[in-house]
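One structure below.
Start at 1 and go down the list; that is how both ligands and their atoms are numbered. Along the sequence shown, residues carry numbers from 1. Below, each value reflects all heavy atoms present in this structure, side chains not excepted, and no hydrogens, waters or symmetry copies. No experiment lies behind these values; they were computed from the predicted model shown.
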Amino acid sequence: MTTVDMRTPAALADAERWTAHNYHPLPVVIEQADGAWVTDVDGRRYLDFLAGYSALNFGHRHPGLIAAAHAQLDRVTLTSRAFVHDQFAEFCHSLAEMCGKDLVLPMNTGAEAVETAIKVARAWGYRVKAVPAGQAEIVVAADNFHGRTTTIISFSTDPDARNDFGPYTPGFKIVPYGDLGALAEAVGPNTVAVLLEPIQGEAGVLVPPAGYLAGVRSVCDDNNVLFIADEIQSGLGRTGHTFAIEHDGVVPDMYVLGKALGGGIVPVSAVAANADVLGVLRPGEHGSTFGGNPLACAVGIEVVKLLATGEFQERSARLGERLHAGLNALVGQGVAAVRGRGLWAGVDIDPALMTGRQVCERLAARGVLAKDTHGSTIRLAPPLTVDEADLEHAVAQLKAVLDEARA
Ligand SMILES: Cc1ncc(COP(=O)(O)O)c(C=O)c1O
């Protein structure tokens with residue numbers, strides 16, 4: 001390839017010139033994708049070990065999902081919720097059954113689904129629990145990531161997410177993640193919900209201590225408080241179960257889902273809960289023009305069917321063991337610690353060696369895409385369709401990057 005053929009620099013410069021700088025992307029301009037692989041505008045191929053922050057659990061352009069989308073594109077794509085369309089009931093029914101809940105409320109992005117859960121919990125608090133008007137409290141964890149809206153960043157502890165975006169929405173109490181005593185102490189008579197990620201993704205794939213989520217369940221039960229599990233990133237097969245919270249044998253009152261629910265094709269999110277909770281909403285109180293649209297539902301139906309096979313959960317559990325064995329072998333050789341479950345890993349790089357960003361840049365140069373978080377941590381989350389050879393290849397590239405830096 002000659003420099004004349006190189007389209008990447010101009011494409012990067014154009015993107016930089018015409019967009020707000022709210023991201024700091026790696027210097028890769030993707031043109032095509034298939035399965036676990038993407039190809040850039042200059043024909044270079046990369047293994048995608050970020051998978052759209054788990055929005056691509058089924059890989060890029062999964063044939064069944066693409067077929068469902070194509071078929072729906074030729075029928076009807078948008079109706080608004082002013083009318084009912086023929087894909088709506090099947091999507092909501094199958095998703096509700098998958099979650100073991102009575103009802104589903106579909107939205108688009110993850111943040112919208114979290115906002116929905118917050119509104120539902122507050123309305124439940126006033127209408128069912130009889131919390132005094134305007135006094136509802138929700139307990140959340142430090143280092144959370146639940147999205148970017150003004151209410152959600154109001155209870156973020158990340159200065160980048162929060163600073164200069166106030167005034168902040170009141171009604172949230174923040175406790176350390178994994179500290180059951182602190183959580184129990186924070187719950188009071190006006191607490192309507194506890195909102196947690198069963199594994200904190202953005203924080204660096206932090207798995208809570210054994211028994212923590214079960215303990216949270218008990219605190220919620222004892223105090224008539226809803227347990228909301230944000231499974232937007234951790235759910236839908238990523239950790240080896242349909243939901244990460246299953247590892248702890250816990251059933252939350254509300255599941256908040258997103259990312260992979262849209263099959264990597266369209267934004268699809270949802271809240272699932274029983275009728276005594278989600279049933280508190282009345283017509284006109286909540287909604288979204290695109291939420292539950294026909295294209296989203298057609299893709300979502302296929303996503304639920306894929307998950308019903310159990311194949312992706314099984315792959316994640318089995319291949320996840322390989323991934324974690326490979327990564328744990330690097331501890332002491334440039335890696336300080338490895339966390340995670342299934343095909344999901346947070347890898348702390350020895351900060352004396354390199355930043356997470358530097359590791360990701362060097363991995364990209366070697367044809368593997370991953371993303372750093374919080375200084376010296378990188379996150380690995382390949383599509384659940386990745387094969388063993390590609391998995392071993394990616395770990396070998398990480399080893400090579402670290403070996404080079406240590407040489
Ligand atoms: C746990 C969790 N909740 C919520 C969100 C927000 O989702 P979205 O970016 O679709 O709004 C994310 C996104 O990374 C997430 O990881």
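Closest to atom 2 (C) of ligand 1 among all protein heavy atoms lies Phe145 O, 3.3 Å. Scanning all protein heavy atoms for the shortest distance to atom 16 (O) of ligand 1 gives Gln233 NE2, 2.7 Å. The shortest contact between atom 3 (N) of ligand 1 and any protein heavy atom is with Asp230 OD2, 2.7 Å. For atom 9 (O) of ligand 1, the closest non-hydrogen atom of the protein is Lys259 NZ, 4.6 Å.
At a distance under 4.0 Å, a protein heavy atom can be found next to atom 14 (O) of ligand 1.
Checking side-chain atoms of Glu285 against main-chain N and O of Arg282 turns up a donor-acceptor pair under 3.5 Å. Although no hydrogens or angles enter the test, the distance criterion places no donor-acceptor pair under 3.5 Å between the side chain of Ser269 and the main chain of Gly258.
Side-chain atoms of Glu97 and Ser94 include no donor-acceptor pair closer than 3.5 Å. In this model, a donor atom of one side chain and an acceptor atom of the other lie less than 3.5 Å apart for Ser54 and Arg238. Checked by atom type, the side-chain pair His60/Asp34 shows no donor-acceptor distance below 3.5 Å.
The distance criterion of under 3.5 Å between nitrogen or oxygen atoms is not met by Tyr53 with respect to ligand 1. Looking at ligand 1, you'll find an N or O of Ala111 within less than 3.5 Å of one of its N or O atoms. For ligand 1, the polar-atom distance check against Gly110 finds a nitrogen or oxygen pair separated by under 3.5 Å.
Atoms CD1 and SG, from Ile378 and Cys360 in turn, are 5.0 Å apart once rounded to the nearest 0.5 Å.
The distance between the ring centers of Tyr212 and Tyr177 falls below 6.0 angstrom.
Assignment of His146 to the shell around ligand 1 is supported, since a heavy atom sits closer than 4.0 Å.
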